[in-house]
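Each remark here refers to the structure printed beneath this line.
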Amino acid sequence: MNPTVPSNPPPPLLATEPDGTGHPVPQWTITTTTGEQTTGYLPPWATEDPSEHNVLPEELAARLADVCHYTEFPGQVLRAYSPANATDAPEEVEILGSSITCAPYAPTPESAIPVATVRVADEYWITDLDPTGLAELIAGLRAVADRLDDVVIPQLNDIRAEWATHHTSGTGARP
């Protein structure tokens, strides 16, 4: 993937208040060894700031391709069996964790808007469930479904609306 590297840094982003005044919004900046700067909107929900300095100019496109804003939501911890566990005992495993991510320099503008991802679990089976165990599993899955309904969907909607206010391209995240 080769994202387009902006030739001129964009002007600072401004958020407009209801009274019409503007104030600067958070931004990340990647600066090359030649002083070239690329900036972008740093959403308040982002877990990390991708800012970097002294990046070689030939590595700028790769650094932009790696920019990914994200926030994570816990899954449900259950006891499950794994073939990798030498004791053959059940172990705690988190299933159905989720996150909201946005890669502003994704290959297509449609891919450059915030999306939700659900992480299932690697190579774990929940076996030998009796009625109580099955009920506990169902309760755990309901808890995750409720979290997705009550927390992740509203935050994804808010994050997308907030993201759109700082980008003019409509479908994508590029400024």
Side-chain angles (χ1 to χ4, degrees), residues 1-32 36-53 55 59-78 93-122 124 138-175:
M1 168 172 59
N2 244 347
T4 304
V5 176
S7 57
N8 295 316
L13 296 171
L14 295 177
T16 305
E17 298 295 326
D19 65 3
T21 61
H23 67 277
V25 297
Q27 291 185 310
W28 54 265
T29 302
I30 297 177
T31 307
T32 66
E36 180 181 357
Q37 288 189 333
T38 302
T39 62
Y41 172 59
L42 180 61
W45 50 269
T47 303
E48 297 177 357
D49 180 343
S51 294
E52 280 189 79
H53 302 286
V55 173
E59 294 176 2
L60 180 59
R63 291 299 207 284
L64 292 174
D66 287 342
V67 171
C68 182
H69 305 303
Y70 69 93
T71 190
E72 295 180 319
F73 303 91
Q76 186 66 38
V77 176
L78 303 171
V93 60
E94 181 181 341
I95 64 165
L96 302 175
S98 59
S99 63
I100 295 175
T101 59
C102 181
Y105 288 89
T108 64
E110 298 79 27
S111 302
I113 58 174
V115 295
T117 300
V118 177
R119 183 180 57 253
V120 180
D122 292 338
Y124 282 92
I138 291 166
L141 293 174
R142 276 197 186 107
V144 171
D146 288 346
R147 190 174 304 113
L148 291 169
D149 273 341
D150 300 337
V151 177
V152 179
I153 288 173
Q155 283 194 32
L156 178 60
N157 286 331
D158 291 345
I159 285 169
R160 282 185 140 190
E162 188 265 339
W163 183 263
T165 64
H166 298 290
H167 296 87
T168 58
S169 64
T171 59
R174 291 177 180 86

Practice task
State the OG1-CG distance between T38 and L60, to the nearest 0.5 angstrom.
Solution key: 4.5 Å
Practice task
Give a yes or no on whether the backbone of Y70 and the side-chain of T47 come within a donor-acceptor separation of less than 3.5 Å.
Solution key: yes
Handout entry: P74 backbone acceptor or donor facing R147 side chain under 3.5 Å
Key = yes
Exercise for the section: Given side chain to side chain contact (heavy atoms under 4.5 Å, CB included), test F73 with I100 step by step and report yes or no. Expected result: CA-CA 8 Å; F73 303 91; I100 295 175; 3.8 Å; yes
Completion exercise
Between D149 and P154, the two heavy atoms sitting closest are O-CD, 3.3 Å
Practice task
Please answer whether the main-chain N or O of T29 pairs with a side-chain N or O of S51 as donor and acceptor at a distance below 3.5 Å.
Solution key: yes
Problem - Heavy-atom side-chain proximity of L141 to I95 below 4.5 angstrom - result: yes
Handout entry: side-chain hydrogen bond (donor to acceptor under 3.5 Å, both in side chains) partners for R119, two or more places apart
Key = E94
Handout entry: Any V118 side-chain heavy atom under 4.5 Å of V144 side chain
Key = no
Problem - Other residues, nucleotides, ligands: >12 heavy atoms within 6.0 Å of R160 CZ - result: yes
Exercise for the section: Considering non-hydrogen atoms only, spot the tightest contact between A112 and W163 and give its length. Expected result: O-NE1, 3.9 Å
Handout entry: Residues forming a side-chain hydrogen bond (donor to acceptor under 3.5 Å, both in side chains) with R63, sequence neighbours excluded
Key = E52, E59
Handout entry: Parallel, tilted or perpendicular: rings of W28 and Y105 (30°, 60°)
Key = perpendicular
Handout entry: Criterion side chain to side chain contact (heavy atoms under 4.5 Å, CB included) on T101 and V115, from CA distance to verdict
Key = CA-CA 6 Å; T101 59; V115 295; 3.7 Å; yes
Handout entry: Worked check of side chain to side chain contact (heavy atoms under 4.5 Å, CB included) between H69 and L42
Key = CA-CA 8 Å; H69 305 303; L42 180 61; 4.0 Å; yes
Exercise for the section: Flag the pair L148 / S98 as yes when at least one side-chain heavy-atom distance between them is below 4.5 Å, and no otherwise. Expected result: yes
Practice task
Would you sort out whether T31 and H53 count as a side chain to side chain contact (heavy atoms under 4.5 Å, CB included), showing the intermediate values?
Solution key: CA-CA 5 Å; T31 307; H53 302 286; 3.5 Å; yes
Problem - Taking every non-hydrogen atom, the tightest pair across I30 and P50 - result: CG1-O, 4.0 Å
